[in-house]
Structure formats: C-alpha cells, structure tokens
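The analysis underlying the following values was restricted to heavy atoms, covering all of them including side chains, and did not include hydrogens, waters or symmetry mates.
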Amino acid sequence: MRNIIFIVMVLISISANAQEFKFEKIIETNKNQSESYSAAKEFVADFWNMAKVVTQNQDDDAFLLQIKAKTTQEVKVGMGLACVYDYKYTVKIQTKDKRCRIQIYDIICEDAYQTGLGTQNKIPKIQPFLGDEPEQKTKSLGKGLSKKKAVEMMNDLKTFFESIINGLEKEINDTTDDNW
C-alpha cells in the first residue's frame, strides 16, 4: 500500500512540474477560408525554403497544413567553441472563414554537441523549458552550456517560434493587391 501511495505521489509531482513548451494563436482576418488557406500555403513555401521536405500533411479539403521541421540553435561559449542543438518541431495551420489557427508543438532536442578546435563532442541535450531555471543537466564534464546560457538559448528558441506565428499573421492579413 505504501508503495502505491509513493508511486502516485511521484507521478503527481512529475506532472505538476512538467512544462509545456508550445505555442498557439488564433489569427483574426477579413479573408474567407480559401483565401486564408492559400496565404498560409504561400507562407509555408516562403518561410521554409524547401516546403515539400517539411510538409507532412496538406489536406486541401480540410484546409489543414501540418509541417515537421528542424531548427538549429548555436551558442558560442568562448575560445572558438560553440554548442549546437538540433530541435525538431511540428506546426499545424488550420483556416476557417475570418480565422486561422497556428499551433507549434512537439518541440524536442534531437542532438547536441560542442564543436571547435577540430573536435566535436556530445553534450547533454537541453529539452525546451520555460522560466529562468532549467531542471535538467546542461553540462557534462565541463562541456555544454551554463544554466544562464541555456535560459538565453530558450529565449532565442521562443523568439524563433514567435517569428513563425508573426510571419503567418502578416501573410494572412496582407491586403496587397497582386494584380499585375
């Protein structure tokens, strides 16, 4: 009985400390569903230079785009060394009349290494976190990022994802008449 109570308490503690690093925005627009969807497809092609490589699902009947992509965060740590973190993520864009929803989720660090001086060493992967205190190891054997640098990198990663949302919003609400 004590073991069951202990396990339940641990699970509650873990779920209470779990942090969601995801983004969502509903964009209001004056465009109909088809116009918004077309603008979203144009944005995908412009933002991700190789849209076919990252487009996982394009459902024209449901006005849905789902993109799987990667981004790299490189942090200079001094003396010619840099820590490189590869993150994969999913973007889902849905359109309706006068609205468009974008969601960015499943953000996961797939690889991490420190490079420089002709070497490349594995370092701890830093999974996305919120706040000013990472609850994970950011260094191993002196290689990796300080907690302060890890927080700065998460802020840069957040800015990157916000730029996706802002870019889509700009494209959706662009009223420029392309009558050439």
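Residues Lys96 and Arg101 form no side-chain contact, since every pair of their non-hydrogen atoms from C-beta on lies 4.5 Å or further apart. Between Glu28 and Ile26 the shortest side-chain heavy-atom distance falls below 4.5 Å. Looking only at side-chain heavy atoms (C-beta outward), Pro128 and Met154 come within less than 4.5 Å of each other. Considering only heavy atoms from C-beta on, Leu168 comes within 4.5 Å of Cys100 through its side chain. Phe21 has its side chain out of reach of Gln127: every pair of non-hydrogen atoms, C-beta onward, lies at least 4.5 Å apart. Thr119 is not listed as a side-chain neighbour of Tyr113, based on a closest heavy-atom distance of 4.5 Å or more. Within the 4.5 Å cutoff, the side chain of Asp86 has no heavy atoms near those of the Lys70 side chain. Within the 4.5 Å cutoff, side-chain heavy atoms of Lys122 are placed close to those of Asp111.
In terms of modelled atom types and a separation under 3.5 Å, the side chain of Lys25 and the main chain of Glu162 share no donor-acceptor contact. With hydrogens and angles disregarded, no donor-acceptor distance shorter than 3.5 Å links the side chain of Gln103 to the backbone of Glu24. Ser163 contributes a side-chain N or O that, together with a main-chain N or O of Phe160, makes up a donor-acceptor pair within less than 3.5 Å. Checking side-chain atoms of Asp97 against main-chain N and O of Gln33 turns up a donor-acceptor pair under 3.5 Å.
By the rule that hydrophobic residues join a cluster once side-chain heavy atoms approach within less than 4.5 Å of another member, Leu64 and Ile102 end up as members of separate clusters. Under the 4.5 Å side-chain heavy-atom criterion for grouping Ile, Leu, Val, Met, Phe, Trp and Tyr, Tyr87 is connected to Phe47 within one hydrophobic cluster. Under the 4.5 Å side-chain contact rule for hydrophobic residues, Val151 and Leu157 share a cluster.
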| field | Intermediate values then yes/no, side chain to side chain contact (heavy atoms under 4.5 Å, CB included), Ile164 and Phe23 | value | CA-CA 10 Å; Ile164 296 172; Phe23 303 87; over 6 Å; no

| query | When you look at Phe43 and Ile172, which way does the side chain to side chain contact (heavy atoms under 4.5 Å, CB included) test go after all the steps? | reply | CA-CA 8 Å; Phe43 169 74; Ile172 293 288; over 6 Å; no

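Lys68 NZ to Lys92 NZ: the interatomic distance, rounded to the nearest 0.5 Å, is 10.5 Å. Taking CD1 of Ile104 as the start and NZ of Lys22 as the end, the distance is 12.5 Å to the nearest 0.5 Å. In this structure, CD on Glu171 lies 11.0 Å from OG on Ser36, to the nearest 0.5 angstrom. Between the CD1 atom of Ile126 and the OH atom of Tyr85 there is a distance of 3.5 Å, given to the nearest 0.5 Å. If you take OG1 on Thr90 and CD1 on Ile108, they are separated by 8.0 Å, rounding to the nearest 0.5 Å. Atom CD1 in Ile123 sits 10.5 Å away from atom NZ in Lys139 (nearest 0.5 Å).
The two residues Ala40 and Ile93 come nearest to each other via the heavy atoms CB-CG2, 3.9 Å. Nearest heavy atom pair, residue Pro124 against residue Ala112, reads O-CB, 3.8 Å.
Residues passing the side chain to side chain contact (heavy atoms under 4.5 Å, CB included) test with Thr159: none are found, sequence neighbours excluded. Every side chain to side chain contact (heavy atoms under 4.5 Å, CB included) that Lys149 has, sequence neighbours left out, goes to Val75, Leu145, Ser146, Glu152.
Side chain to side chain, Thr29 and Lys98 fail the donor-acceptor criterion of an N or O pair below 3.5 Å. Between the side chains of Tyr37 and Asp60, a donor-acceptor pair is found at a separation under 3.5 Å.
Of the options Gln136, Lys88, Lys125, Gln73, a side chain to side chain contact (heavy atoms under 4.5 Å, CB included) to Cys109 is made by Lys125 and by none of the others.
The pair Lys147-Asp132 does not meet the salt-bridge criterion, since no charged nitrogen lies less than 4.0 angstrom from a carboxylate oxygen.
Between Trp48 and Tyr89, the two ring planes are tilted [angle within 30° to 60°].
Atom CG of Leu141 is surrounded by 12 or fewer heavy atoms from other residues, nucleotides or ligands within 6.0 Å.
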